[in-house]
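Below is one structure, written out as structure tokens; comments come after it.
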Protein chains: 2
Amino acid sequence: MRPKNLEKEATLRTMALQIIAEEGLENLSMQKLAKAANVSPRTIYIKYENKEDLLIKLFIEEVLGNYEKAVLQNFNSDMDFAEGVQCLWQNAFAYLTNNRPHFALMQYGNSSPLLNKAFQQANIQQGDFFAPIHQFLEKQKAQGCIHHLPFDAQRAMLFSPLISLVSEYFDYATRDRQIITPDVLMACCNILIKGMLK
Amino acid sequence: MRPKNLEKEATLRTMALQIIAEEGLENLSMQKLAKAANVSPRTIYIKYENKEDLLIKLFIEEVLGNYEKAVLQNFNSDMDFAEGVQCLWQNAFAYLTNNRPHFALMQYGNSSPLLNKAFQQANIQQGDFFAPIHQFLEKQKAQGCIHHLPFDAQRAMLFSPLISLVSEYFDYATRDRQIITPDVLMACCNILIKGMLK
DNA sequence: TATAAGTAAATGAACGTTTATTTATATTTG
DNA sequence: CAAATATAAATAAACGTTCATTTACTTATA
């Protein structure tokens, strides 16, 4: 039996993310992807059921999966609040700024109904995508360190500014001076921490 | 001369936003839009140069334009910090939760390269999309009320959690119980205010 | 060790459909 | 009539997907 060329699948995923980042999800076609990955269009259908399947796997496995791993490095739910949040922010910022294509598809998770639905289903199936963060916040709440809020509101407060700052970071990446420096990042992080602590 | 049927253009914009909200930007086609608006495809091309032109005008004029108007109601840059931010948050939340299709396209501004570019150009051309907010923040900084940060970072901190909460609001709208209540909204708003004030 | 059978991987060309856009024509009003 | 709006029908190009076939490698047999 002819052995699977694992490089081909990796190239497919890399090129798909690249095209999405540069031209947008709406301009990713199967034939364009095939050409970019130096592969026959038919080959994509050996590895993925159809376009939807490809996009969902890209989003869930390649983007969210790696993001979660990166964000949780050196993090544990026993850290104190400031320490924990700073760790998460630094991990996420480093990962996202170094992986622009992943970030680009991640942003589509907030707009594309297809990816949005896929995310919610993945979230339900796996219990929690970011279980350690959930635990961390619950513990902080139980200890009376932070104000009581629904988990999803807590998450929105903690992470959406970070995502927005990464977006600004890329906007400024092409200009003469970067304004989203590590100092600015940590200043923003500390503003949040101060606001959330009782 | 035959008069323009203004209702047709309004219907076109409404239906375009509706399709985008329900099926995604990637599933809006000119023929689908024409059928939904009960109009010949050619008619769209009398009112818009091409698809890009339609999308950009939808985004800039219909979505961002109305959003700006709604957000700035009863706001003025002399308000004190807490009062001003609460006013902006309440305006934005009310407008967005009552205009889901507008919100849906707005979210694509963070992902689609086409809309992203259009936004940046509009921002440059018009000087500032949200000039009163800029003034407000500058005044607060000058008075030493809030920490010094680049404007774009300040804006990310102030508004991205709000957008994220609106997103959560819609996610929960179909479930049995809404968790993003006015109380939760204001609690989040106050967390930010507390964090940003010196 | 040589070779033929077996098999999944991979392909190029094609399918029918849908896309954005245009041509030629009809309709509506000053 | 003149002039603009609106249309139905048509266009080539691009779309997602499939067909029939070839390629490349493993394994079983002589």
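Every chain is numbered from 1 and lettered A, B, ... according to where its sequence line falls, protein lines coming before strand lines. The analysis underlying the following values was restricted to heavy atoms, covering all of them including side chains, and did not include hydrogens, waters or symmetry mates.
One interatomic measurement links the two molecules: CD1 of A:I46 to C1' of D:dT21, which rounds to 12 Å at whole-angstrom precision. Across the protein-nucleic acid pair, A:L28 atom CG and D:dA14 atom C1' stand 14 Å apart, rounded to whole Å. A:K51 places its NZ atom 17 Å from the C1' atom of D:dT18, with the value rounded to the nearest Å. Distance B:K32 NZ to D:dC15 C1': 14 Å, rounded to the nearest Å. Rounded to whole angstrom, the span from the CG atom of A:N50 across to the P atom of D:dC15 amounts to 17 Å. Rounded to an integer number of Å, the gap from CE of A:M30 to P of C:dG12 is 16 Å. Atoms CG (A:N27) and C1' (D:dA14) sit 12 Å apart, rounded to a whole Å. Between the P atom of D:dT5 and the OH atom of B:Y45 lies a distance of 17 Å, rounded to the nearest Å.
Between A:Y95 and A:Y67, the ring planes are tilted. Angles from 30° to 60° get that label. Ring-plane geometry between B:F151 and B:H134 is classed as parallel, the angle between the planes falling under 30 degrees on a 0 to 90 degree scale with a further cut at 60.
Considering only side-chain N and O atoms, A:K47 lies under 4.0 angstrom from the phosphate OP1 or OP2 of C:dA10. The side chain of B:S40 contributes no N or O atom lying less than 4.0 Å from OP1 or OP2 of D:dA6.
For C:dA20, the base has a donor-acceptor partner in the side chain of B:Q31 [N/O atoms by modelled type, under 3.5 angstrom].
Comparing A:S29 and A:R42 by the nucleotide of DNA chain D that holds the closest heavy atom to each, the one mapping nearer the 5' end is A:S29.
In terms of modelled atom types and a separation under 3.5 Å, the side chain of B:Y108 and the main chain of B:L25 share a donor-acceptor contact.
Both the sub-6.0 Å distance and the 45° axial angle are not jointly satisfied by A:R155 relative to the ring of A:F159.
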